[in-house]
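Labels below follow one simple rule: chain letters A, B, ... track the order of the sequence lines, proteins then strands, and each chain is numbered from 1.
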There are 2 protein chains.
Amino acid sequence: MEEALAQDRMYQYLHQQFDMTEAEWSKYAAGMSVINVDAKFILQEAGQRVTKFYFLVEGLVRFYYVTPEGKELNKGFYAENNIVGSLSALIMNEDCRFYVETLEPCCLVELPYSRDAAMWANSSEWQLVFNRCCQFMLVRNERREAELLTLSTKQRFLQFVQNFPEYLERIPQYHIASYLGITPVALSKYKNQWLSEL
Amino acid sequence: MEEALAQDRMYQYLHQQFDMTEAEWSKYAAGMSVINVDAKFILQEAGQRVTKFYFLVEGLVRFYYVTPEGKELNKGFYAENNIVGSLSALIMNEDCRFYVETLEPCCLVELPYSRDAAMWANSSEWQLVFNRCCQFMLVRNERREAELLTLSTKQRFLQFVQNFPEYLERIPQYHIASYLGITPVALSKYKNQWLSEL
DNA sequence: CGGTCCTATTAAACTAGTTTAATGACAGCG
DNA sequence: CGCTGTCATTAAACTAGTTTAATAGGACCG
């Protein structure tokens, strides 16, 4: 995607969500590069320092943990108009705990972050953006935590289908199984039975 | 606990964690009441509006969800020097999704919250407090989410024992089972076997 | 066209949990 | 004292998942 268009999409988002002004936006927009990457591109590795996060203009990404045994567990999927990256690693100033990988070709705007960068330390509008992003992430993570704790596998699957019906097509089934916390074998076994009960 | 002592404990916490100044603190300290409650006291109900949150000076509380079938699932346990309440309900301006109940006699400082209250809207120091609290919650929830997703029941139990060894004594075993996402029967069955492997 | 890789399905044996129920330990209380 | 309620343990039957492995379809590639 065109750089100018991507930046414009991001500005629209910030303007609508956080009342970002055009003046404040253009002050720092130059510091943000637009990147276009293929599917299966690793945007962030677990164990690595986090120096930026992203605004996802177009495409689809997954966040996933890798256990010491090498098993991948999908933390979540995020599509266009989402903040993508580990804010908690930025907050705690520690290495990232999960991977971020594209599932489709993606267009992203990079937001460089450092605690004392002018943009984040001196601009109250950009501080607001960061704080509101943290708040949204908090809500997002709390919902996911509640799902994992309180719902059965079947309920989690049905909720997933309700919340993101289009993801069933866009995401390979074994990734969805990993998101639900079961094996692909189990999902294949029960999927149709579960769906027929809707 | 004495009101003055409780407020002082809270100020110490805010000062150390967020560089709260004594001037700014005393400006709003009068609006905060100190309450002492017994064990098994419900501080916040699911389905109710959230109008405040708490600083826990002393004691121990649990957060728990209740499923439509009436099953209780413990979201977490929090002890002294913690912010307690549903910040996500405040952020989203929606009803609380979980209950907050004391497990021991507790001393708490009430923090009334409304989006346009002077304390939160006009004081940058108190805004910082709220934002940092959201950040800590974000990190706390993300860790819990990761545990639920990536660890086996046995691993979750051992991690719980490592992280909060004293909670094994302070919290009834059936509450711990619910925190781990299993039945008390299963916990009793495997507990000693798991512990002996340490 | 045939080979290779990737994903989904199916089956069989197994394991980690559940549900229900009975039993015992202990605390508080009349 | 005995009664009652609460919590932990144990056992037995059951269920929802796992693991491993075999099979098949589709996409891509030389």
Side-chain angles (χ1 to χ4, degrees), chain A residues 38-42 60 62 64-74 77 101-105 147-161 167-197, chain B residues 38-42 60 62 64-74 77 101-105 147-161 167-197:
Chain A
D38 288 338
K40 306 209 174 180
F41 183 85
I42 304 281
L60 182 63
R62 70 175 176 124
Y64 64 100
Y65 293 98
V66 177
T67 67
E69 301 83 42
K71 217 171 110 190
E72 293 184 7
L73 280 305
N74 287 319
F77 306 107
E101 184 200 45
T102 61
L103 289 175
E104 299 175 354
E147 271 180 28
L148 287 169
L149 186 61
T150 67
L151 300 184
S152 67
T153 306
K154 177 180 162 184
Q155 290 172 318
R156 276 205 302 280
F157 174 73
L158 293 178
Q159 183 139 327
F160 179 82
V161 174
Y167 285 7
L168 268 190
E169 326 292 303
R170 285 170 85 177
I171 301 173
Q173 196 165 297
Y174 68 95
H175 275 328
I176 296 175
S178 157
Y179 176 83
L180 298 174
I182 57 175
T183 59
V185 178
L187 181 54
S188 170
K189 193 169 166 185
Y190 301 121
K191 186 184 62 160
N192 293 312
Q193 180 186 334
W194 289 340
L195 281 174
S196 69
E197 291 176 31
Chain B
D38 287 339
K40 305 209 176 182
F41 183 85
I42 305 281
L60 181 63
R62 71 177 177 123
Y64 65 101
Y65 294 99
V66 177
T67 68
E69 301 83 41
K71 217 171 111 190
E72 295 185 4
L73 281 303
N74 287 317
F77 306 107
E101 183 199 46
T102 60
L103 289 174
E104 299 176 354
E147 272 180 26
L148 287 169
L149 187 62
T150 66
L151 300 184
S152 68
T153 305
K154 177 178 161 184
Q155 289 172 317
R156 278 206 300 282
F157 173 73
L158 293 177
Q159 184 140 327
F160 179 83
V161 174
Y167 285 8
L168 268 189
E169 326 290 304
R170 285 170 85 176
I171 300 174
Q173 196 164 297
Y174 69 97
H175 275 328
I176 296 176
S178 157
Y179 175 83
L180 298 173
I182 57 174
T183 58
V185 179
L187 180 54
S188 169
K189 194 169 165 185
Y190 301 122
K191 187 183 65 161
N192 292 312
Q193 178 186 335
W194 288 340
L195 281 175
S196 70
E197 289 176 31

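Between A:L103 and A:A39, the shortest heavy-atom contact is O-CB, 3.6 Å. The shortest non-hydrogen separation linking A:A177 to A:L187 is N-CD2, 3.7 Å. Closest of all the heavy-atom pairs between B:T150 and A:T67 is O-CG2, 3.9 Å. The two residues B:I171 and B:H175 come nearest to each other via the heavy atoms CG2-CB, 3.6 Å.
Protein chain B contacts DNA chain D over a range whose 5' and 3' limits, counting nucleotides with an atom under 4.0 angstrom from a non-hydrogen atom, are D:dC7 to D:dA11.
Cation-pi check for B:R170 over B:Y167 is not met; the charged atom does not lie both under 6.0 angstrom from the ring centroid and within 45 degrees of its normal.
In this structure, the NZ atom of B:K40 is 12 Å from the P atom of C:dG28, given to the nearest Å.
With no hydrogens or angles considered, no side-chain donor-acceptor pair links A:K154 and A:Q193 at under 3.5 Å.
Scanning residues 185-193 of chain A for heavy-atom distances under 4.0 Å to DNA chain C yields A:V185, A:S188, A:K191.
Classification of the B:Y179-B:F160 ring pair by plane angle, with boundaries at 30° and 60°, yields tilted.
No contact: B:S152 has no heavy atom under 4.0 Å from any strand.
Note on A:E72 versus A:R62: salt bridge recorded, some NZ/NE/NH1/NH2 to OD/OE distance being below 4.0 Å.
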